[in-house]
Amino acid sequence: MELTSDALVNSLLALGAATLVTTLWIWPRLAKQRPLPVLGRIGLLTVVQASIVAVLALSVNNSFGFYTSWDDLLGTSGAKLALTSNENHKGGTPVADALIQPTNEGGLETVTNLPKGTPEEVGKVESVQVSGKETGFSDQMFVYLPPEYFDPKFALVRFPVVLAIAGYPGTALNLVKDLSLPQTALELQRAGKMPPTVLVMVRPGVVPSRDTECVDVPGGPRTEAWFAKDVPEAVLATYRVGRTAGSWAAFGYSTGGSCALRLAMRFPNVFGSATSLHGDFTVRQDGYTGGDLFGGDRALAQQHDLGWRLQNMPVPALNLLVVSTRKESDYPQTVQFVEQATQVAATNPQFKVDSLYLDDGGHNVDSWTKELPASLEWLGAHLG
């Protein structure tokens, strides 16, 4: 039976019910305090509890799409997806900088698979605390600087930037430790499949305990302004990076993927490209967001609905990549958005959309890791 099939859930429910009835019927016979009756009672209780836990786990998995098959769960579902201004800054954030300060926070010391070598050989991941003038937010994040950043031959070069956003409630560390984003980028750069690129790795939940979906909440946190204005401003003031939208891209998975698409669609003057792994196309409203993020303002909600924007607003000069799997529960919505975007792109050559799909995989790190190399390679081809 398939992992996500109703038959599996119903079978486990039947097993649990049968075991419960059997337990009630046979329990008096196992009441004696002897080894075999005691083991019998333990066995029956274990089967009942295991059945209940399995049903709950399958129900949660089917609701959120973490794993879509046994191969996906066991990690045997095939190979990775493949494709047919601080001028004198040398790495190491300046202490005098008011917007970006070095920090030991973030847990970078727990990452064991970072490439070994000097910054000139493998680049460098910096842990920094970024403060924003516009929003007043301050948050820890990681910045990866490629080896060329430290090469005197590139001293006058401004590097492209990818703003990478983790899923909610993940942290910036997930991008380094679980997704291996800088490690994968270095491999692609060494293979000539991606230009030397600065990676700015952040979390979407700047506000503790609330998923703000990277939007400006009326009367509340201005998360969109943080990502679209404060973070780029701080990075531009500190690192040798490109100043045009063509040099900047947004990337993310899950909630971070949703954020990446919306930020690019709403701020094409900041981000010229965006890649979304398993993101949504409308703003979620649930317990994690604290209900309606727009306070009932339908017009404001439409402004953040990417499908609505395609149909009702001029499309920007933008390159988009949408990545998912054919087993994802939101696959139909993803296909619908891509079809809409493709129709719009047919009459607006400045707007381009591509899509990549794994045949199998769910809403989990295994799928995102397989999709990452092709996604970064695509981004590298579209960064100025």
Side-chain angles (χ1 to χ4, degrees), residues 80 82-83 85-94 97 100 102 108 111 113-128 130 141-166 172 175-177 179-202 231-253 256 260 264 270-275 277 319 321 354 369 371-384:
K80 295 178 180 179
L83 285 174
S85 50
N86 182 344
E87 300 298 337
N88 297 317
H89 180 61
K90 302 299 182 184
T93 48
D97 194 332
I100 291 185
L108 191 61
V111 181
N113 65 338
L114 286 174
K116 305 299 182 182
T118 65
E120 292 81 3
E121 295 170 334
V122 300
K124 182 182 180 184
V125 178
E126 298 184 340
S127 179
V128 297
V130 179
M141 57 188 66
F142 297 112
V143 177
Y144 167 73
L145 303 171
E148 290 80 1
Y149 195 93
F150 304 91
D151 189 333
K153 292 186 295 184
F154 294 87
L156 300 180
V157 171
R158 290 185 173 274
F159 292 82
V161 182
V162 173
L163 175 67
I165 309 173
L175 291 159
V176 182
K177 191 172 185 177
L179 198 63
S180 297
L181 181 60
Q183 299 91 317
T184 305
L186 177 61
E187 292 176 4
L188 292 172
Q189 291 166 21
R190 285 173 167 173
K193 297 180 179 181
M194 183 181 183
T197 303
V198 172
L199 307 177
V200 180
M201 293 165 279
V202 304
V231 174
E233 182 181 83
V235 172
L236 282 165
T238 307
Y239 299 98
R240 293 196 324 273
V241 296
R243 298 184 178 279
T244 65
S247 298
W248 281 70
F251 165 91
Y253 63 85
V270 179
F271 304 100
S273 303
T275 294
L277 310 186
N319 297 297
L321 174 65
D354 291 313
T369 302
E371 297 158 351
L372 181 61
S375 302
L376 289 181
E377 186 176 343
W378 182 93
L379 276 177
H382 291 83
L383 280 170

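Being a predicted model, the structure only gives us computed values, none of them experimental.
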Sequence neighbours left out, what passes side-chain contact (heavy atoms from CB on, under 4.5 Å) with V270? Give chain and number order.
P232, F267
Measure the shortest side-chain to side-chain distance between E377 and M194 over non-hydrogen atoms and say whether it is less than 4.5 angstrom.
no
Heavy-atom donor-acceptor pair, R158 side chain to G242 backbone, under 3.5 Å:
no
Quick check for you: to the nearest 0.5 Å, what is the distance between Y253 atom OH and L179 atom CG?
6.5 Å
Donor-acceptor pair, side chain of S247 and main chain of A245, under 3.5 angstrom
no
Distance check, rounded to the nearest 0.5 Å: L175 atom CG versus M141 atom CE?
11.0 Å
Of the non-hydrogen atoms in A260 and T275, which two are nearest, and what is the gap between them?
CB-O, 3.8 Å
I want to check something: taking the side chain as every heavy atom from C-beta on, are D151 and V157 in contact at a cut-off of under 4.5 Å?
no
Nearest heavy-atom neighbours spanning T197 and P160
CG2-O, 3.4 Å
Here the gap from L188 atom CG to L379 atom CG, rounded to the nearest 0.5 Å, amounts to 10.5 Å
Give the minimum heavy-atom separation between F150 and P119, together with the two atoms involved.
CD1-O, 3.5 Å
Verify side chain to side chain contact (heavy atoms under 4.5 Å, CB included) between T184 and L376, making sure each step is shown before the conclusion.
CA-CA 8 Å; T184 305; L376 289 181; 4.1 Å; yes
Check against side chain to side chain contact (heavy atoms under 4.5 Å, CB included), V125 and V143:
CA-CA 6 Å; V125 178; V143 177; over 6 Å; no
Just verifying a value: how many Å separate E148 CD and Q189 CD, rounded to the nearest 0.5 Å?
6.5 Å
Can you tell me how far apart OG (S375) and CG (L321) are? Round to the nearest 0.5 Å.
5.5 Å
Is it the case that the side chain of R240 and the backbone of F159 share a donor-acceptor pair, with hydrogens and angles ignored and the cut-off at 3.5 Å?
no
side-chain hydrogen bond (donor to acceptor under 3.5 Å, both in side chains) involving E120 - partner list, sequence neighbours excluded
T118
Who passes ring-ring contact (aromatic ring centres under 6.0 Å, His included) against F251, sequence neighbours left out?
none
Mind checking whether E126 and F142 have side chains closer than 4.5 Å, heavy atoms only?
no
Using modelled atom types and a 3.5 Å cut-off, is there a donor and acceptor pairing between side-chain atoms of Q183 and backbone atoms of V176?
yes
Would V241 and V200 count as a side chain to side chain contact (heavy atoms under 4.5 Å, CB included) if you check the C-alpha gap in whole Å, the side-chain angles of each, and the deciding distance to 0.1 Å?
CA-CA 11 Å; V241 296; V200 180; over 6 Å; no
State, yes or no, whether a side-chain contact exists between K124 and P147 at a heavy-atom distance under 4.5 Å.
no
Ring centres under 6.0 Å, that's the criterion: do F154 and Y149 meet it?
no
Calculate, to the nearest 0.5 Å, the distance between atoms CZ and CG belonging to F271 and N319 respectively.
14.5 Å
Check against side chain to side chain contact (heavy atoms under 4.5 Å, CB included), K116 and V122:
CA-CA 7 Å; K116 305 299 182 182; V122 300; over 6 Å; no
